Amino acid sequence: MNDVTMKGLGERMWKVVGTRPVRPDGVDKVTGRAKFGADLNLPNMLIGKVLRSPHAHARIKSIDTSKAQALPGVKAVVTSADFSDLPSEFIPAGEMMVNFRDMTRNVMAREKALYEGHAVAAVAAISEAVAAQALKLIEVEYEVLPHVMDVAQAMQPDAPLLHESMYTIGMEPKPEKPSNVAKRVEFALGDVAAGFAKADVVIEREFTTQPVHQGYIEPHACVASVSEDGQAELWCSTQGQFIVRNFCAKLLGMELSRLRVTASEIGGGFGGKTVVYLEPLALVLSRKAAQPVKMVMSRTEVFKASGPTSGARIWVKIGATRDGRITAAEALLKYQAGAFQGSPVQPGCMCAFAPYDLENVKVVGFDVVVNRPKVAAYRAPGGPISEFAVESVIDELAGRLNLDPIEFRLKNAAKEGTKAAYGPKFGPIGLVQTLEAARAHRNYGVPLKANQGRGVASGFWFNIGGETCAALNLTEDGSVTLVAGTPDIGGSRASLAMMAAEELGIALDKVRPIIGDTSALGYNFLTGGSRVTFSSGMAVIEAAREMIRRLRERAAKIWEIPLDSVAWEDGHARAVGGAKQVAPMPLAEIAKTAGKTGGPIVGYAAINAQGAGPSLATHVVDVEVDPETGKVTVLRYLAVQDAGRAVHPSYVEGQMQGGAVQGIGWALNEEYIYDKNGRMENPGFLDYRIPVCSDVPMIDTVIVEVPNPRHPYGVRGVGETPIVPPMGAIANAVANATGIRFTDLPMSPPRVLKAIDEKHAATSK
Amino acid sequence: MDGTRKFKVATKHHVTTTINGDPAEFLCTPEQTLLDVLRDVLYLTGSKEGCASGDCGACSVILDGRLVCSCLVLGVEAEGRDVETIEGMANGDELHPLQQKFLEHAALQCGICTPGFLVAAKALLARNPDPTETEVRYWLAGNLCRCTGYDKIVRAVLDAAAEMRGN
Amino acid sequence: MARVILSGTLRDLAGGDAEVELEARDVRQLLRALGERYPELAPHLEQGYAIAIDGEIFQDAWFAPIGPDSEVHLVPAIRGG
């Protein structure tokens, strides 16, 4: 059951926005025609493969590729010698600041292999079989070093050191010795000591979470073709073709406009495809071989060599008065960054207490390197981890104070004007509305049976705007082509076309959207940060308004009246103010004579969208815990979220449902299992088991709309927030069902059963 | 210097089969899977590789009426048999009811798993035209989706089943 | 004079100053003035801070206006996933 609760609509009567049309790119996807990363084949194409370190930590003493080079059918072999060493330079990438010195090393190891799966060489050959054979002929001499996999162990003074030049930033006094701690960050408001002193109840707990992979079903894939004059084309599955262009051009020393990157259809990203792995390798191989090179990761490679999100250790302490007001909140977060610095600990700190209106709060975070693949962004990076811990303690506090969990959150909810721990004041936000809608929903009143429990959690994510371009071109027969620059990962072509149709006042099927390559438009920041419907939407609306102005100008010329006497309504130019008695002129008519009235009619917007509003959510989960197997079954799931304005409600619901189920997997089963040598034991979908269809019920959704005043249609990003509440909600439900507070994720059957057995043993004594 | 570079070319088998109702033939090595053949030899890229180990279902095809993961079938095993892929699901330019319902229910986001789900659902409805929600969920448990949370997929399949029954 | 609030790492790099008053009409001028007053802070400002001006966040917006009585926070840039 899916509801949309309209609030704050204003006077505008929406014609297209808010409806549920079939997406314009849909038919190709249900017929298998749509082309994803691995679906492209070029004439004369070679297959590229990567040789990867079998060791979690090792010095690379030498690499001999001569036998591989000599194998018939091998056209190119590359190692770090084919990449320049780059200086330390920070740029934003995904959720973190990426250092190019680190990026070139992650793409191709230089001095050391820092995780099992780290790329050490690559080949391009006439077939996959020959490429695989060639890899076996590459001789690498490793000096195996001790490795470290756990955050707490990596922070010990005697831990194996990954980077000799890593001195913790943000520590006073500055450390004299290098360590595995890249950074310390701190956010604070007020005085937590004083706040705790005022509290009647204080609860503190420690939590651990494991790294989880974004789990996109499509492995990384690309096809690179470098011409003899150094110009290159790259086709790849990515969330950001302009980001790929930037990274590859930098790594290869190319001028940006010489590299044309086309985003294929993308089979899932969730943040994991905001970085490059194969792309620079394919380009360098293609350059060397002077032939196109296709590279596709196997599933094993995806697990061993592409970034999961961080595992973490979290400590949370919250104090409240007897009547339910939180007086102080504190947290310490230690996040794994993988082999190179840059975990999302910073946003994790900023989000941790964001749903709450607090006077006294302090959050400290550490970014720690370990011998695992470098982490990449995963949907609301950093947020789900810290908010899981916080929502668990909030729940425990509510229980101790004898308050309904929603009631407790309402008493402390952040609202418009609330000052966040990381500084700014919130504009209008919908947390209270989501809490009230959750409480009013019939799911909240379903009676629970034995071994069943209910849990609630709220969640916050910032959402971003960013650099965005969009173009609208009017064809001679009165239809419109729309070129956007942000890859469509969830149905955004539909919502963008809808916004153009709404603004222009024409039928939706007259607007045909495509995603342009890097030569088609000015710079677009990547698809991520829940920014596309907000930013590309804003750009499309602005482009439409520019087109409307031009249409009015043409009508004014044709009618020989001033521009001010021409209005645009329902897809027609209308003479107003008594200037002329004439029938309204439809868009198609103006299009027909465009060539004679001044030339082609287009609209173009190039913006740096500001004013993205946060999206808040509340989830309610009912579970049943089998006391004999420890299995947790999700019986009912309700996700309530503020979308600002739901342009296409089905795709908003889709984001809520997809994020919720990813959260279910994170809470109940997903984790990386390593052997004592730091080698991954479950690099496949059988043993890294993500939720399947039979694991989950229908995901009920309620969309709340508190329009974002900074967007012309009130849109808020919705894509990331849905993954933030599930772990807290499920942990709270399991606690409600079993009386046991689980602080370590995942709550997989062996762990749950063990805790249940221990509790029985304790109580039966 | 020896002027001849000897290439070791693996022995290829000649296979005759039927794909989506049409006669087809191809050459493949003994270790190439049916998925490899479909995608790399016949350029039928609608079936996708998600794992190459039969765990994700993105490569689902129907072989002699039976739902299989084509990554677990050898190319040579297609000899003399009937293969149905996503490319054969529509009837000319008329979409299959399952395809139509997936679109109407927004049962796809990125779409990579969609061909596999459609083929799997088609196989389900061929043997059970009136499945319950639970039966749908368990039948489709071999197809992984990371985007949708499965809700709209299940609704689309149940709706298509109803339409195909003439309800 | 705009009031700039520094916290955590930034405050430490500014010698412990939690609040700074600066003459700045836009973000670019503000970052320049901060870097001049606290040289230790300057390299960090390059690393990606969004600016909240009277509660509203601006990212990569050199010319976002700052009023004479504005309260300004430096917020680590968010990119998303």
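First the proteins, then the strands, lettered A, B, ... as listed; each starts at 1. Fair warning: this is a prediction, and the values are worked out from it, not measured in the lab.
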Between B:Y150 and B:F117, what is the ring plane arrangement, given parallel below 30°, perpendicular above 60°, and tilted in between?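 Answer is tilted, since the angle falls between 30° and 60°.
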Which is it for A:E720 and A:S530 under the side chain to side chain contact (heavy atoms under 4.5 Å, CB included) test, yes or no, and what are the steps along the way? CA-CA 6 Å; A:E720 291 167 289; A:S530 310; 2.8 Å; yes
Got a donor-acceptor contact below 3.5 angstrom from the B:N143 side chain to the B:G116 backbone?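 Pair found, side chain donor or acceptor close to backbone of B:G116.
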N/O donor-acceptor pair under 3.5 Å between B:R39 side chain and B:L44 backbone: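 No; zero donor-acceptor contacts below 3.5 Å.
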Using heavy-atom distances under 4.5 Å, tell me whether [X] contacts chain B through its side chain, its backbone, both, or neither.
X	result
A:Q655	both
A:F270	side chain
A:L686	both
A:R23	side chain
A:D39	both
A:E265	neither
A:P697	backbone
A:V302	neither
A:A34	backbone
A:I217	both

If you count heavy-atom pairs within less than 4.5 Å of chain A, which of [options] leads?
options	answer
B:L103, B:V136, B:T114	B:L103
B:G46, B:A90, B:P115, B:A141	B:A141
B:D36, B:T134, B:T148	B:T148
B:L118, B:T29, B:D55	B:D55
B:T45, B:L140, B:L95	B:T45

Could you tell me if the side chain of A:T527 sits less than 4.5 Å from the side chain of A:I489, heavy atoms only?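 Yes, at least one pair of side-chain atoms sits under 4.5 Å.
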Looking at A:V30, A:N41, A:V661, which one has more heavy-atom pairs under 4.5 Å with chain B than the rest?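 Maximum pair count with chain B is reached by A:V30.
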Pick from A:D695, A:V692, A:V296 with the largest number of heavy-atom pairs that fall under 4.5 Å of chain B: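 Of A:D695, A:V692, A:V296, A:V692 has the most heavy-atom pairs under 4.5 Å with chain B.
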Would you sort out whether B:R137 and B:V154 count as a side chain to side chain contact (heavy atoms under 4.5 Å, CB included), showing the intermediate values? CA-CA 7 Å; B:R137 286 187 179 277; B:V154 174; 4.0 Å; yes
Could you go through the salt bridge (charged side-chain N to carboxylate O under 4.0 Å, His left out) check for A:E218 and A:K273 one step at a time? CA-CA 10 Å; A:E218 181 206 22; A:K273 290 181 181 168; 2.9 Å; yes
Close aromatic pair by centroid cut-off 6.0 Å: A:Y688 and A:H213: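 No, too far apart.
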When you measure from the centre of the six-membered ring of A:F36, is the NZ or CZ of B:K48 under 6.0 Å away and within 45° of the axis?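 No - B:K48 does not lie over the ring of A:F36 by the 6.0 Å and 45° rule.
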